[in-house]
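Side chains are part of it too, since the values below use all heavy atoms of this structure and drop only hydrogens, waters and symmetry mates. All chains are named by letter (A, B, ...) in the order of the sequence lines, taking the proteins before the strands, and each is independently numbered beginning at 1.
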Amino acid sequence: MKEKKRYTITAALPYANGPLHLGHLAGAYLPADIFVRYLKSEGNDVAFICGSDEHGAAITLRAKKEGCTPQEIVDKNHTIIKNSFTDFGIHFDIYHRTSSEIHHKTASDFFKTLYNKGSFTKETTEQFFDEEHQQFLADRYVTGTCPKCNSAGAYGDQCEKCGSSLNPTELINPLSTLSGKTPVLKETSHWYLPMNKHEDWLKQWIDKGILDNQQQHNPTEWRKQVIGQCKSWIDNGLQPRSITRDLDWGVKVPVEGGEGKVLYVWFDAPIGYISATKQWASDNGKNWEDFWKDNKTQLIHFIGKDNIVFHGIIFPILLKEHGEFILPTNVPANEFLNLEGDKFSTSRNWAVWVHEYLEELPNRQDELRYVLNAIAPETKDSEFTWKDYQARVNNELVAILGNFVNRSLVLTHKYFEGKVPKIGNTTDYDNEVLRSIPTIQNKVGELIMQFRFRDAQTEAMTLARLGNKYLADTEPWKIFKTDEERVKTILSVSLQICFSLSNIILPFLPATSKKIKTMMGCDKEINLNEGHQLNQPILLFEKVEDDVVEKQIDKLRNSNKNQSNPKAKAMKNEIIFDDFTKLDIRIATILAAEKHPDADKLLKLTVDTGIDVRTIVSGIAEHYKPEDIIGKQVSVLINLAPRKIRGIESKGMILMAEGNQGNLAFVSPEIKIDNGGEVR
RNA sequence: GGCGAGGUAGCUCAGUUGGUUAGAGCGUCGGAUUCAUAACCCGAAGGUCACGAGUUCAACUCUCGUCCUCGCUACCA
């Protein structure tokens, strides 16, 4: 008997700023769901936690743009995301949200506890405030003249001309880069998490799995990329990070001086796991602390690789500093899923959206689960293509799994009116086949516990392959007339395989598992006794026809029919003519070009603008050789504030056109134009 | 540029602490079969394990260097 354990399993909180696509599923939610379904089938005590991350500036900006409240934005997206999960078969114990009251209280209390312990440092500074946009400006959103060297275009944090570090308040004639207006000074303070103080124990923990002198986990079980990235951060030295922001959408900072401030996302969001657990526990008569404060509980975070440092470093610091909480025993981060040769991109609409898939290919959840798990980016980036989807569904689900179950049931109906036949004398071969069932089952379980879900699924499929082989080898259709008793045994064995299959595939293909049990009349109780009546077989999977995948590929490539380039970015907000006239764009000739001495991507150009000869630093070194561009006429934005780039002052900006692949081209006049000619 | 992860059959990927002929699934080709959604089953072909050196009796595996891909980051206004 396996030991029953308690598990808290989290999946990264999706940001409620848009719907879910296949990359999200393959990255975190599907592997988490598979793991949880397996753990539960083994009788473990599991809380599977997720929810919407609903705070942050991006949501307030979107609300402003759409003319509604942030709450309306997150309400809409929370519903879409939640329904996508439900319909797809990702079965959280709770899908919560960070805008809920219990979350605000939990996060707030957590902050207070750490605050009272003196875990934070507080920095009070005068910061610039943009009155038009009603917000504080981060240092680099303020520019002005350097007080030390008098050069223009210094940034709020540093003058790149003389290299001196600055405070934005020291700048002469400061300007907000948001509104272009002069910001006002307002005092503000923020709290910082001094991560540098935690380097020592983190190193031990990541490297050796040792926490407070105890072996907390086995680091060889962690994925290489997770340990690698965490160590890379730690070895480079951790910096204090501010954990509050001047914003009004989020969890209010609950201490003196916290007015008008909220907790920053990576303090707020992971605590969402805790608050969701609390809600779930109170709804279900559980004690949430069992899931977060008992060191026999395994805490496991499923995330994508973009989230590694949050879950491998920052959140563990918060949990440990708090003192009562357990730390994760594993953080199985996946890499990224690509789509038809390109990265998923919301802005370019290069994506397969989960809610659209569910609508356009109804009742094919398990097919998508199977394919996404088969290609899950467990150790490296991987790629989803519709042709591969079609091939896997048709050649594996239909041909191997669906076919085996179907032929077993069809044969039983044909020969024995769909009643489970009596198992007679078994041959060595029968026994060997029967023995391999638990072997495969154990192997699948082991692989799942090692977070090797794609291997586990492949292993599960070997049982269906074995079933097909068993039928092909024993050929019951040939011997029915001569040896009915033998056929009874063969089909009895086949039906046992079918039933075992329904259990083994449960974590991967839950709907299919249920279908098999229903067909076998075993959905309420297991009954494979002689004479048990089976239901009429229905096909588990149907072939995906060419026109279906062609339509999907078409849709992807022509996501906007009237657009000749489907990958072109959407238009920016409308401007008025005055906005345009502020730009002074001229034709200029490149007189000289050389590689920037301390930079890979930069060229130092000398151009004749017709009104002067000036130096411009441009990030085009990967696209043009210096000697090839001398004499070329190009477009230059000449009234852009000068800026020091990697030690060289750049006065203006060369305009470049960018293709889909990131390739660059000059914007040049088609015939020679006098230098200084205006572009308008 | 720095750091991290990769580069293995046409495709998607496994390869544990270096040890005989480098594996799986799909695809391809051939065979067999007809209970089954022209499905299943058997067999074969197919790889200088990115490239170059080195350590070793022995390297896909260890060391160094080079090239390429992805991520983070420094410098693309």
Can you sort out the partners of [X] under salt bridge (Lys or Arg N to Asp or Glu O under 4.0 Å), two or more places apart, ordered by chain and number?
X      : answer
A/K305 : A/E335, A/D381
A/D473 : A/K469
A/R223 : none

Margin query: Tell me whether A/E542 at atom CD has more than 12 heavy atoms from other residues, nucleotides or ligands lying less than 6.0 Å away.
Written below: no
Margin query: Could you check whether any side-chain N or O of A/H311 sits under 3.5 Å from a backbone N or O of A/I303, counting only pairs where one atom can act as donor and the other as acceptor?
Written below: no
Item checked: Check: A/S513 side chain, A/S502 main-chain N or O, donor-acceptor pair, under 3.5 Å ->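 At least one qualifying donor-acceptor pair exists.
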Next item on the list: Run the numbers on A/L655 and A/F666 for side chain to side chain contact (heavy atoms under 4.5 Å, CB included), then give the verdict.
Entry: CA-CA 7 Å; A/L655 302 189; A/F666 289 117; over 6 Å; no
Next item on the list: State whether a side-chain donor-acceptor pair under 3.5 Å links A/Q390 with A/D546.
Entry: yes
Next item on the list: Would you tell me whether A/T458 and A/D455 have side-chain atoms, one donor and one acceptor, within less than 3.5 Å of each other?
Entry: no
Length of the line joining [X]:[atom1] and [N]:[atom2], which is rounded to integer Å:
X      : N     : atom1 : atom2 : result
A/E340 : B/U12 : CD    : P     : 12 Å
A/D388 : B/U12 : CG    : C1'   : 7 Å
A/M461 : B/C40 : CE    : P     : 11 Å
A/R465 : B/C26 : CZ    : C1'   : 9 Å
A/W386 : B/U12 : CH2   : P     : 18 Å
A/N307 : B/G71 : CG    : P     : 16 Å
A/L539 : B/C40 : CG    : C1'   : 15 Å
A/D455 : B/G15 : CG    : P     : 7 Å

Filtered N/O pairs between nucleotides 1-3 of chain B and protein, under 3.5 Å:
{"unit_1": "B/G1", "atom_1": "N7", "unit_2": "A/D600", "atom_2": "OD2", "d": "3.4"}
{"unit_1": "B/C3", "atom_1": "O2'", "unit_2": "A/S232", "atom_2": "OG", "d": "2.6"}

Check: protein-nucleotides 60-65 of chain B nitrogen or oxygen pairs below 3.5 Å:
none

Say you pick atom [atom1] in [N] and the same atom in [M]; how far apart are they, in whole Å?
N     : M     : atom1 : result
B/U61 : B/G54 : C1'   : 15 Å
B/C35 : B/A22 : P     : 42 Å
B/U48 : B/U8  : C1'   : 13 Å
B/A58 : B/A45 : P     : 30 Å

Next item on the list: Could you tell me whether A/E485 and A/K488 make a salt bridge, using a distance below 4.0 angstrom between a side-chain N and a carboxylate O?
Entry: yes
Check: Is A/D235 salt-bridged to A/K203, cutoff N-O under 4.0 Å?
Finding: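 So A/D235 pairs with A/K203 through a salt bridge.
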Check: With respect to the side chain of A/R454, which nucleotide from B/C35, B/C76, B/C13 is positioned closest?
Finding: B/C13
Residues within [range] bordering RNA chain B, heavy-atom distance below 4.0 Å:
range                       : value
residues 369-381 of chain A : A/T379, A/K380, A/D381
residues 395-404 of chain A : A/N395, A/E396, A/V398, A/A399, A/N403
residues 472-495 of chain A : A/A472, A/W477, A/K478

Apply side chain to side chain donor-acceptor pair (under 3.5 Å) to [X] and list each qualifying residue two or more places apart in sequence or on a separate chain.
X      : answer
A/Y470 : A/D430
A/E383 : none
A/T412 : none

Check: In this structure, which one of A/E396, A/Q365, A/Q457, A/R392 forms a side chain to side chain donor-acceptor pair (under 3.5 Å) with A/Y370?
Finding: A/E396
Next item on the list: Begin with the C-alpha distance, continue with both residues' side-chain angles, and end with the deciding distance and a verdict on salt bridge (Lys or Arg N to Asp or Glu O under 4.0 Å) for A/R586 and A/D584.
Entry: CA-CA 7 Å; A/R586 306 292 185 103; A/D584 194 346; 2.6 Å; yes
Across the strands shown, which category fits [X] at heavy-atom distances under 4.0 angstrom: base, sugar-phosphate, nothing?
X      : result
A/K543 : base
A/S618 : sugar-phosphate
A/S382 : sugar-phosphate
A/R223 : nothing
A/V309 : nothing
A/L640 : sugar-phosphate
A/Y415 : nothing

Check: Would you say A/K305 reaches B/G4's phosphate, i.e. side-chain N/O to OP1/OP2 under 4.0 Å?
Finding: no
Note to self: Would you say A/K343 places a side-chain N or O within less than 4.0 Å of OP1 or OP2 belonging to B/G71?
What the structure shows: yes
Next item on the list: Dot-bracket notation for RNA chain B is requested: 5' to 3', Watson-Crick or G-U wobble pairs only, both distances under 3.5 Å, with ( ), [ ], | and . as defined.
Entry: (((((((..((((.....[...)))).((((.........)))).....(((((..]....))))))))))))....
Next item on the list: Report the C-alpha separation of A/N468 and A/N403 in whole Å, then their side-chain angles, then the decisive distance to 0.1 Å, and conclude whether the side chain to side chain contact (heavy atoms under 4.5 Å, CB included) test is met.
Entry: CA-CA 8 Å; A/N468 278 317; A/N403 186 35; 4.2 Å; yes
Check: Which sits closer to the 5' end of RNA chain B, A/D306 or A/K469, going by the nucleotide each is nearest to?
Finding: A/K469
Next item on the list: Please figure out whether A/A391 or A/K224 has its closest RNA chain B nucleotide nearer the 5' end.
Entry: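 So the residue in question is A/K224.
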Check: Between A/W205 and A/W222, how do the two ring planes meet: parallel, tilted or perpendicular, split at 30° and 60°?
Finding: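 Judged by the thresholds at 30° and 60°, the geometry between A/W205 and A/W222 is perpendicular.
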Check: Relative to the ring of A/W386, is the ring of A/F384 parallel (under 30°), tilted (30 to 60°) or perpendicular (over 60°)?
Finding: perpendicular
Next item on the list: May I ask you to check whether A/H301 and A/F315 place their ring centers less than 6.0 Å from one another?
Entry: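 Yes; A/F315 has its ring centre under 6.0 Å from that of A/H301.
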Check: Given the side-chain rings of A/F508 and A/F453, with only the six-membered ring counted for Trp, is the space between their centroids under 6.0 Å?
Finding: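 A/F508 vs A/F453: aromatic centres not under 6.0 Å.
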